[in-house]
Each structure stands twice: as structure tokens, then as C-alpha cells.
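Only one structure is covered here, and it is reproduced in the block below.
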Number of protein chains: 2
Amino acid sequence: MSIETDIKQKKFRSPFQKLALNLVYTTKWLEYKQLESFKEHDITPQQYNVLRILRGQQGNPIKVGDITERMLDKSSNTSRLVDKLLAKNLAKRTSCESDRRAVDVVITEEGLELLKVLDPFIEDWENRFNIISEAEAEQISALLDKLRENENQA
Amino acid sequence: MSIETDIKQKKFRSPFQKLALNLVYTTKWLEYKQLESFKEHDITPQQYNVLRILRGQQGNPIKVGDITERMLDKSSNTSRLVDKLLAKNLAKRTSCESDRRAVDVVITEEGLELLKVLDPFIEDWENRFNIISEAEAEQISALLDKLRENENQA
DNA sequence: TGCCAATAGATGTTTCTACATTAAATGTAT
DNA sequence: ATACATTTAATGTAGAAACATCTATTGGCA
């Protein structure tokens with residue numbers, strides 16, 4: 001359905017306003033859909049994001065601050081997210097020896113297993129995007145990158 | 001900056017995964033930027049969304065449920081959002097005579113004035129999107145609409 | 001009419017977010 | 001070496017979101 005129909009707005013100030021609204025609307029839609037898979041496994045999108053970052057480390061520990069840097073939502077309180085993962089035995093936390101302020105985090109075997117269970121659901125959602133071509137997906141990605149470029153403009 | 005650099009991930013499973021991550025990341029970025037303008041006027045993005053819907057009514061009352069339908073984030077608790085707007089004297093609420101379960105909401109003069117103050121900030125953000133062409137913006141919008149189409153697919 | 005399901009919105013509760021503050025460890029300049 | 005700013009993470013707190021439940025009203029139908 002077109003964004004016009006979905007939010008029942010016929011006119012937009014410009015194609016840019018329409019795009020801004022469509023970005024927010026489509027992302028909420030995507031997050032809501034993925035949330036359904038996450039809920040079944042008692043995990044939040046943010047916790048999932050952390051788990052994926054931990055897995056990406058391939059066994060190497062990563063500091064809390066470095067996790068934050070890689071997150072999609074950098075305003076998250078990573079410290080508390082890691083707490084939640086610890087409580088569920090999905091991650092381990094050890095204090096870093098070279099810098100005792102820092103904390104090293106690694107994913108547990110149980111965390112890896114949970115990701116294995118979730119992977120097909122997420123991949124399924126991503127694959128539904130193949131209603132557009134790979135080239136189109138790449139093109140949108142490139143344009144989104146461009147949109148964020150002029151962050152510090154006037 | 002490219003999404004690869006921003007979230008420090010070099011490889012993606014597919015252009016579709018990259019697009020999904022980029023959508024979430026770019027939308028968070030946009031929301032965060034707009035939040036700065038909202039905060040100064042003691043309003044949340046959701047409250048702003050409601051105010052814009054009310055203004056779009058051009059004086060006609062709208063029911064709480066119909067507001068929800070038009071919102072970008074339909075999982076919001078519109079009842080409480082309207083409470084907040086009432087408390088700030090930005091909206092008025094009267095019970096609907098034809099259906100006493102329903103509630104009619106209209107924007108106040110003060111609400112309209114707040115929107116007038118906020119408009120330039122939001123427009124400024126939308127206009128920064130003109131780093132891409134209008135045609136490109138329309139094209140992305142169309143592709144986003146397409147992505148949401150296969151919602152009920154296998 | 002009387003009964004029951006459906007609808008509209010309000011409210012309760014738990015969890016999460018945003019933001020500020022705190023505490024400990026480190027780096028740096030004198 | 002000491003003092004002070006900086007960094008790193010944890011914690012406190014108010015408010016918001018997510019989700020379920022409740023209340024009032026309406027609609028349908030036996």
C-alpha cells in the first residue's frame with residue numbers, strides 16, 4: 001500500500017517530506033514485524049543487536065563502549081543491555097586487564113545458539129526485500145548514506 | 001558516511017540485509033536529529049505527529065481512533081498522547097454526541113502556533129534531503145511502498 | 001426487550017528509554 | 001609525584017512505550 005493510503009495523507013509538501021515520512025513509517029513497520037520473532041524468544045531488538053555484534057567478534061572480547069559504537073541505536077544504555085544478556089546467560093562479562101575501567105564482553109555458547117534459532121526468521125524478513133532487485137537495494141542504500149552526509153551542514 | 005563505516009561492519013549477507021540495517025540506522029539518525037528541535041519546545045515526536053494530524057483536519061474534530069490510524073507509529077497510546085496535549089493546552093477534547101464512546105479532538109490556537117514555530121525546523125531537515133534529486137526521492141518512496149507490499153506473503 | 005459480542009477509549013503495570021549523575025581508573029601537565 | 005581533566009562504565013530517576021485489562025456504550029439478534 002502506498003504511504004498516502006497508509007497514513008491517509010493525500011498531499012505532501014515535497015518529495016523529500018514524503019520520503020522522510022515513508023522512511024519512518026517503513027522502518028516502524030519493519031521493526032514491528034521483526035519484534036514478533038524476538039518476543040517469542042524473550043529478547044528485545046536492542047539485545048539482538050548486541051548479540052549480533054558479539055557474534056561478529058568471532059570469540060574476541062569487545063568493550064561496552066565499542067559495542068555502543070557499532071549499534072544501530074547509539075543512544076542505548078549498553079551497560080544495562082549487557083546486564084540483561086548476562087541474566088539470560090547469553091553473554092559473559094570480565095573486567096579488562098589492560099584497562100581496569102573497561103569491561104570485556106563475549107557471547108556464550110547459549111547466545112550463539114539463540115542467534116542460530118533467530119537467523120532464519122530475520123533472513124526470511126530480509127529476503128522478502130527481494131521484491132525489489134539487488135541493484136535497487138544497493139541504490140537505496142547508497143542514497144540513504146548520502147542523506148546522512150550533510151549532517152553538519154548549515 | 002557509509003553504513004559500513006558507521007556501524008563498523010564490512011560485509012553483509014546480502015544487499016537486502018544491508019538495506020534493512022541502513023533503513024533502521026538512517027531513521028534513528030533522522031529521529032534523533034529532529035528530537036533536538038522537539039525537546040526545545042517540550043514536545044515528543046509522537047505528540048508532534050498527533051498535532052500535525054489535528055492540523056490536517058482544518059478545524060474539523062477527529063476521533064482518537066482515527067488519529068491512531070493516521071499515525072506513523074500505530075502502536076502508540078493515543079489516549080495518553082492526547083492527555084499530554086490537553087495538559088499543555090495544545091488540543092481540546094469533547095465527547096462525541098452521535099457516539100458517546102467516542103471522543104472528538106481538535107487542535108487549539110496555541111497548538112497551531114507551536115506548529116508554526118516548529119515548521120521551519122522540520123522543513124529545514126526535510127530540505128536537506130535535496131542532496132538527492134526529487135526524482136530519486138520519489139523513487140525511494142515508491143520502492144519503500146513496494147517493500148511493505150508483501151506483508152502477508154508466506 | 002434482554003442478552004451478548006463488538007467497539008472506543010481509559011487505565012494499570014511492567015519494562016525500557018533518555019538523560020543526568022556517580023565512581024573508579026587512567027592520562028597528562030606541571 | 002600531585003592535581004586535575006578525561007575516559008569508561010554503572011546507577012538513579014522521570015517519563016514514555018508496550019501490553020493487558022477494564023469501563024462504558026453501541027449494535028445486532030434471538
Side-chain angles (χ1 to χ4, degrees), chain A residues 24 27-29 31-50 53-54 61-88 91-106, chain B residues 24 27-29 31-50 53-54 61-88 91-106:
Chain A
V24 174
T27 300
K28 298 266 181 226
W29 168 82
E31 287 181 326
Y32 183 76
K33 288 294 163 185
Q34 292 191 343
L35 192 62
E36 294 174 3
S37 303
F38 291 145
K39 271 190 302 190
E40 287 173 24
H41 297 91
D42 195 33
I43 198 174
T44 68
Q46 307 272 42
Q47 290 169 20
Y48 175 75
N49 195 189
V50 173
I53 290 165
L54 294 179
I62 181 173
K63 298 198 200 78
V64 171
D66 291 337
I67 296 174
T68 307
E69 265 198 340
R70 296 174 191 216
M71 288 193 69
L72 296 172
D73 182 353
K74 303 194 192 309
S75 69
S76 289
N77 192 327
T78 310
S79 188
R80 280 194 178 114
L81 287 176
V82 171
D83 279 348
K84 293 289 156 73
L85 295 179
L86 285 186
K88 286 181 253 188
K92 274 183 296 190
R93 182 161 60 183
T94 56
S95 73
C96 175
E97 300 188 5
S98 62
D99 183 344
R100 284 193 293 164
R101 289 169 303 183
V103 165
D104 280 334
V105 184
V106 286
Chain B
V24 174
T27 299
K28 299 266 182 226
W29 168 84
E31 287 180 327
Y32 184 77
K33 288 293 164 185
Q34 293 192 342
L35 192 62
E36 293 174 4
S37 303
F38 291 144
K39 270 191 302 190
E40 288 173 23
H41 297 91
D42 195 31
I43 198 173
T44 67
Q46 305 273 40
Q47 288 168 23
Y48 175 76
N49 194 188
V50 173
I53 290 165
L54 293 179
I62 179 172
K63 298 198 198 80
V64 171
D66 291 337
I67 296 174
T68 307
E69 265 198 341
R70 295 174 193 217
M71 290 194 68
L72 296 172
D73 182 353
K74 302 193 193 309
S75 69
S76 289
N77 191 328
T78 309
S79 188
R80 279 195 178 111
L81 287 175
V82 171
D83 278 349
K84 292 289 155 70
L85 295 178
L86 285 186
K88 286 182 254 189
K92 274 184 297 189
R93 183 162 59 181
T94 56
S95 73
C96 176
E97 299 188 5
S98 62
D99 183 344
R100 283 192 296 165
R101 288 169 304 182
V103 164
D104 279 334
V105 184
V106 287

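Per chain, numbering begins at 1; letters A, B, ... match sequence-line order.
Residue A:S75 is in sugar-phosphate contact alone, with no base atom involved, counting any heavy-atom pair closer than 4.0 Å across all strands shown. Across all strands, A:T44 comes closer than 4.0 Å only to sugar-phosphate atoms, never to a base (heavy-atom distances).
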**Item:** Derivation and outcome, side-chain contact (heavy atoms from CB on, under 4.5 Å), residues B:L85 and B:Q47
**Value:** CA-CA 7 Å; B:L85 295 178; B:Q47 288 168 23; 3.9 Å; yes
**Worked verdict on A:V103 versus A:C96 for side-chain contact (heavy atoms from CB on, under 4.5 Å)** = CA-CA 5 Å; A:V103 165; A:C96 175; over 6 Å; no
**Request:** Take A:S95 and A:R100, measure what side-chain contact (heavy atoms from CB on, under 4.5 Å) needs, and give me the verdict at the end.
**Result:** CA-CA 6 Å; A:S95 73; A:R100 284 193 293 164; 5.6 Å; no
**Message:** Applying salt bridge (Lys or Arg N to Asp or Glu O under 4.0 Å) to A:D83 and A:R93, what does each step give before you reach the verdict?
**Reply:** CA-CA 9 Å; A:D83 279 348; A:R93 182 161 60 183; 3.0 Å; yes
**Item:** Worked check of side-chain contact (heavy atoms from CB on, under 4.5 Å) between B:I62 and B:I53
**Value:** CA-CA 9 Å; B:I62 179 172; B:I53 290 165; 4.0 Å; yes
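Mapping B:D83 and A:K84 onto DNA chain C by nearest heavy atom places B:D83 at the nucleotide closer to the 5' end. Where A:V64 and B:N77 each meet DNA chain D at their nearest nucleotide, the meeting point lying more 5' is that of A:V64. Where B:L81 and A:T78 each meet DNA chain D at their nearest nucleotide, the meeting point lying more 5' is that of A:T78.
Under a cut-off of 6.0 angstrom, the local environment of CD in B:E97 is sparse, with at most 12 non-hydrogen atoms contributed by other residues, nucleotides or ligands. Counting non-hydrogen atoms of neighbouring residues, nucleotides and ligands closer than 6.0 angstrom, the NZ atom of B:K88 exceeds 12 such neighbours. More than 12 heavy-atom neighbours from other residues, nucleotides or ligands sit within 6.0 angstrom of NZ on B:K74.
Nucleotides of DNA chain D with any atom under 4.0 Å from a heavy atom of chain B span, from 5' to 3', D:dA16 to D:dT26. Taking every nucleotide of DNA chain C with any atom under 4.0 Å from a non-hydrogen atom of chain A, the first and last of them, 5' to 3', are C:dC16 to C:dT26.
Contacts between residues 91-99 of chain B and DNA chain C, counted as heavy-atom distances below 4.0 Å, involve B:R93. Contacts between residues 66-74 of chain B and DNA chain C, defined by a heavy-atom separation below 4.0 Å, involve no residue at all.
Atom CZ of residue A:F38 and atom CG of residue A:N49 lie 8.5 Å apart, to the nearest 0.5 angstrom.
Counting only heavy atoms from C-beta outward, the side chains of A:D104 and A:K63 approach each other to under 4.5 Å. Put simply, the side chain of B:P61 does not reach to within 4.5 Å of the side chain of B:T94, judged on heavy atoms.
In this view, B:K28 and A:E31 satisfy the salt bridge (Lys or Arg N to Asp or Glu O under 4.0 Å) rule, not counting sequence neighbours.
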All N/O donor-acceptor pairs, side-chain side in residues 64-73 of chain B, below 3.5 Å, sequence neighbours left out:
{"from": "B:T68", "atom 1": "OG1", "to": "B:V64", "atom 2": "O", "distance (Å)": "3.2"}
{"from": "B:T68", "atom 1": "OG1", "to": "B:T78", "atom 2": "OG1", "distance (Å)": "2.6"}
{"from": "B:R70", "atom 1": "NH1", "to": "B:Q57", "atom 2": "OE1", "distance (Å)": "3.2"}
{"from": "B:D73", "atom 1": "OD1", "to": "B:S75", "atom 2": "N", "distance (Å)": "3.1"}
{"from": "B:D73", "atom 1": "OD1", "to": "B:S75", "atom 2": "OG", "distance (Å)": "2.7"}
{"from": "B:D73", "atom 1": "OD2", "to": "B:Q46", "atom 2": "NE2", "distance (Å)": "3.3"}

